[in-house]
Q: 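Please read through the structure below; I'll follow up with questions.
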Amino acid sequence: MVSSFSDLIEQARLAARSVVEYGEGLLHPTVRLGITGLSRAGKTVFITALVHGLVRGGRFPVFEALAEGRIARARLAPQPDDAVPRFDYESHVKALIADRMWPQSTRQISELRVVIEYQSRSGAMRELVLDIVDYPGEWLLDLPLLSKSFEAWSAETLAMSAGGPRAKLAAQWRAHLATLDAAGPADEGAAIAAAQYFTDYLTACRNERYAMSLLPPGRFLMPGDLAGSPALTFAPLDVAPDGSPPAGSLWAMMRRRYEAYKDVVVRPFFRDHFARLDRQIVLVDALGAFNAGPEAVKDLEGTFRSLLDCFEVGRRTFLSALLWPRADRILFAATKADHLHHASHDRLEAILRRMVERAIRRADVSGAAVDVIALAAVRATREAEVRQGSATLPCIVGVPASGSLAPPESGGKMFDGMTEVAVFPGELPDDPESVFAPDATPFRGLTAASAEETDFRFVRFRPPPLEATDDGAPALPHIRLDRALQFLIGDRLT
Ligand SMILES: Nc1nc2c(ncn2[C@@H]2O[C@H](COP(=O)(O)OP(=O)(O)O)[C@@H](O)[C@H]2O)c(=O)[nH]1
Ligand SMILES: [Mg+2]
């Protein structure tokens with residue numbers, strides 16, 4: 001539904017752009033691939049490994065064009081958008097391969113263009129331009145705000161903060177909220193305090209012990225150059241979902257700023273970035289959620305619903321068939337699967353599939369193919385069976401990064417960054433349903449199994465050395481990265 005003049009203008013801008021891009025796409029077939037996920041989900045590592053594999057020839061048996069020997073060359077090229085930082089591929093590769101360190105984390109959008117020269121199945125030489133866009137998942141999760149009033153968002157945010165582990169984390173903010181008079185006169189001091197308490201609550205939720213994922217507005221956690229601006233100085237109020245504020249009230253002020261947030265942050269992101277994507281991979285640190293326990297798993301499922309809603313928001317807001325739907329493939333990927341024994345990779349995928357299917361049933365994503373995968377863009381571990389008494393445990397072996405704390409059982413010493421350790425990573429349940437069963441024995445997290453097993457949940461393994469591929473070129477080991485690549489661009493290289 002076109003609801004306002006500004007939406008009309010936006011539509012016109014989008015239409016103009018997509019006509020231009022359509023024309024360019026005819027000359028140079030292009031795929032704009034969005035890589036998103038919450039902070040630390042694994043975006044930088046994923047892009048670095050993917051581009052390295054394309055440019056240097058990784059071991060990608062499931063990626064057909066490469067496996068069939070039809071890719072002549074893949075090279076980096078200057079990106080099309082002048083105002084977007086370039087993805088710093090060279091530094092990230094150096095960190096990963098030369099230093100065997102994980103790349104520095106970044107908290108903003110970046111872009112990289114790869115040109116793939118390939119032979120089509122009919123024998124003709126062709127080029128596919130792959131524009132990779134790395135953007136924070138926190139921005140994506142803001143999109144549903146576009147179709148939500150301040151009052152509706154307030155009610156929803158308050159309801160969510162009332163249950164589970166969130167209730168405790170929200171206590172201070174809610175106590176402050178209870179002192180506010182929404183209909184009373186606007187007060188900058190109250191707005192600043194409320195925004196601060198609210199931000200503290202969101203930050204606490206994001207703590208990896210809880211691994212809560214569903215936390216709009218995203219810029220509250222990564223404000224960038226908007227820190228301190230009115231568009232980021234608001235918070236939910238306890239007001240009627242269908243009410244409207246008296247003039248000059250705190251409520252009116254909060255509502256205006258909420259709308260400003262949408263204008264300054266959410267709409268430009270939608271128009272300049274999201275609406276232009278052809279394909280999308282959403283990286284999720286699902287293991288982080290499994291480690292944190294059932295509440296985080298429930299939260300993760302809510303996140304999938306929100307994510308699918310995001311793809312739906314576009315359709316509802318912008319009707320033109322030329323513009324929407326544009327993203328025709330969406331892949332949800334659980335990252336860091338090398339933290340599990342391979343016996344659990346399929347189980348992880350099954351649980352993910354189950355979550356996403358439940359979400360798809362509610363959101364209408366017709367027009368886009370949706371799939372799920374469990375992968376490790378960089379495989380930092382190998383597998384081993386370790387005897388413990390009469391039993392053998394399926395373990396993973398890797399080098400913990402130096403400094404990361406060894407578990408208390410080993411005397412709390414520090415890892416030296418050189419020595420391998422074998423870890424029993426815990427097992428996911430065979431039956432995905434059992435993760436969601438409300439009664440019976442609910443899933444308690446990966447390492448809740450038994451006491452003699454050590455809590456290695458937060459061990460960070462160092463990146464691995466390169467391994468030689470069949471043709472001798474050294475490549476980064478991975479898990480199912482080639483399958484992701486096949487789903488995302490394989491059909492464009494036939
Ligand atoms: N073992 C392993 N760890 C990973 C992998 N991908 C990411 N990580 C870990 O997750 C951290 C965050 O990854 P990064 O790509 O920077 O996340 P981003 O914030 O989404 O860009 C890294 O520093 C690594 O410790 C992977 O494939 N395997
Ligand atoms: Mg990053």
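One is the number of the first residue; the rest follow in order along the sequence. Whatever order the structure lists them in is the order used to number ligands and atoms, beginning at 1. It should be emphasised that the depicted structure is a prediction, and the values quoted were computed from it without experimental measurement.
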Q: Ignoring angles and geometry beyond distance, decide whether R40 reaches within less than 3.5 Å of ligand 1 through its nitrogen or oxygen atoms.
A: yes
Q: Counting non-hydrogen protein atoms only, what is the nearest one to atom 5 (C) of ligand 1? Give residue, atom name and distance.
A: K336 CG, 3.7 Å
Q: Run the salt-bridge test on R70 and E64 with the 4.0 Å N-O cut-off and return the result as yes or no.
A: no
Q: For atom 17 (O) of ligand 1, what's the nearest protein heavy-atom neighbour? Residue, atom name and distance, please.
A: G42 N, 3.1 Å
Q: Heavy atom under 4.0 Å from ligand 1: found in R379's side chain, backbone, both, or neither?
A: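 For R379, no heavy atom sits under 4.0 Å from ligand 1.
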Q: When you measure from atom 26 (C) of ligand 1 to every protein heavy atom, which one gives the shortest distance, and what is it?
A: V378 O, 3.3 Å
Q: Please say whether P103 places an N or O atom under 3.5 Å from an N or O atom belonging to ligand 1.
A: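 No, there is no polar N/O contact under 3.5 Å.
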Q: Among all the protein's non-hydrogen atoms, which is closest to atom 21 (O) of ligand 1, and how far away is it?
A: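 For atom 21 (O) of ligand 1, the nearest protein heavy atom comes out as T44 OG1, 2.8 Å.
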Q: Looking at ligand 1, would L38 count as a contact under a 4.0 Å heavy-atom criterion?
A: yes
Q: Identify which of I396, V45, T381 has a heavy atom lying nearest to atom 6 (N) of ligand 1.
A: V45
Q: Which of the numbered atoms in ligand 1 are under 4.0 angstrom from any heavy atom belonging to K43?
A: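 Those qualifying, in numeric order: 15 (O), 17 (O), 18 (P), 19 (O), 20 (O), 21 (O).
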Q: Are V284 and F304 side-chain neighbours, meaning at least one heavy-atom pair lies under 4.5 Å?
A: yes
Q: Salt-bridged, R347 to D430, with N to O below 4.0 Å?
A: yes
Q: Tell me, please, which residues at least two apart from R73 pass salt bridge (charged side-chain N to carboxylate O under 4.0 Å, His left out).
A: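 Only E117 meet the salt bridge (charged side-chain N to carboxylate O under 4.0 Å, His left out) criterion with R73.
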Q: Classify the ring geometry between F269 and W139 as parallel (under 30°), tilted (30 to 60°) or perpendicular (over 60°).
A: perpendicular
Q: For ligand 1 and S39, I'd like to know whether there is a polar contact (N/O to N/O, distance under 3.5 Å).
A: no
Q: Is A376 close to ligand 1, meaning an N/O of one under 3.5 Å from an N/O of the other?
A: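 Among all N and O atoms of A376, none is under 3.5 Å from an N or O of ligand 1.
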Q: Would H478 count as a contact of ligand 1 if the rule is a heavy atom under 4.0 Å away?
A: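 Contact check H478 vs ligand 1: negative.
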Q: Can we say R86 and D81 salt-bridge, meaning some charged N sits less than 4.0 Å from an Asp/Glu carboxylate O?
A: no
Q: If you measure from each non-hydrogen atom of D338 to ligand 1, which part falls under 4.0 Å: side chain, backbone, both or neither?
A: side chain
Q: What protein heavy atom lies closest to atom 25 (O) of ligand 1? Include the residue and the distance to one decimal.
A: R460 NH1, 3.3 Å
Q: Are E349 and R483 ion-paired here, with the side-chain N under 4.0 Å from a carboxylate O?
A: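 Looking at R483 together with E349, the answer is yes, because their closest N to O distance falls below 4.0 Å.
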Q: Strictly under 2.8 Å, is the Mg ion (ligand 2) approached by any N, O or S atom of T44?
A: yes
Q: Side chains of R305 and M355: closer than 4.5 Å at any heavy-atom pair?
A: no
Q: If you look at every heavy atom in L66 and G58, which pair is closest and at what distance?
A: CD2-O, 3.8 Å
Q: Taking only Lys NZ, Arg NE, NH1 and NH2, and the carboxylate oxygens of Asp or Glu, determine whether R166 and D299 approach each other closer than 4.0 Å.
A: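 So R166 pairs with D299 through a salt bridge.
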Q: Is the NZ or CZ atom of R329 positioned over F487's six-membered ring, under 6.0 angstrom from the centre and within 45° of the axis?
A: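 Yes; both conditions hold, so R329 lies above the ring face of F487.
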Q: Under 4.0 Å from any heavy atom of A380, which atoms of ligand 1 are there?
A: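 By the 4.0 Å cutoff, the relevant atoms are 1 (N).
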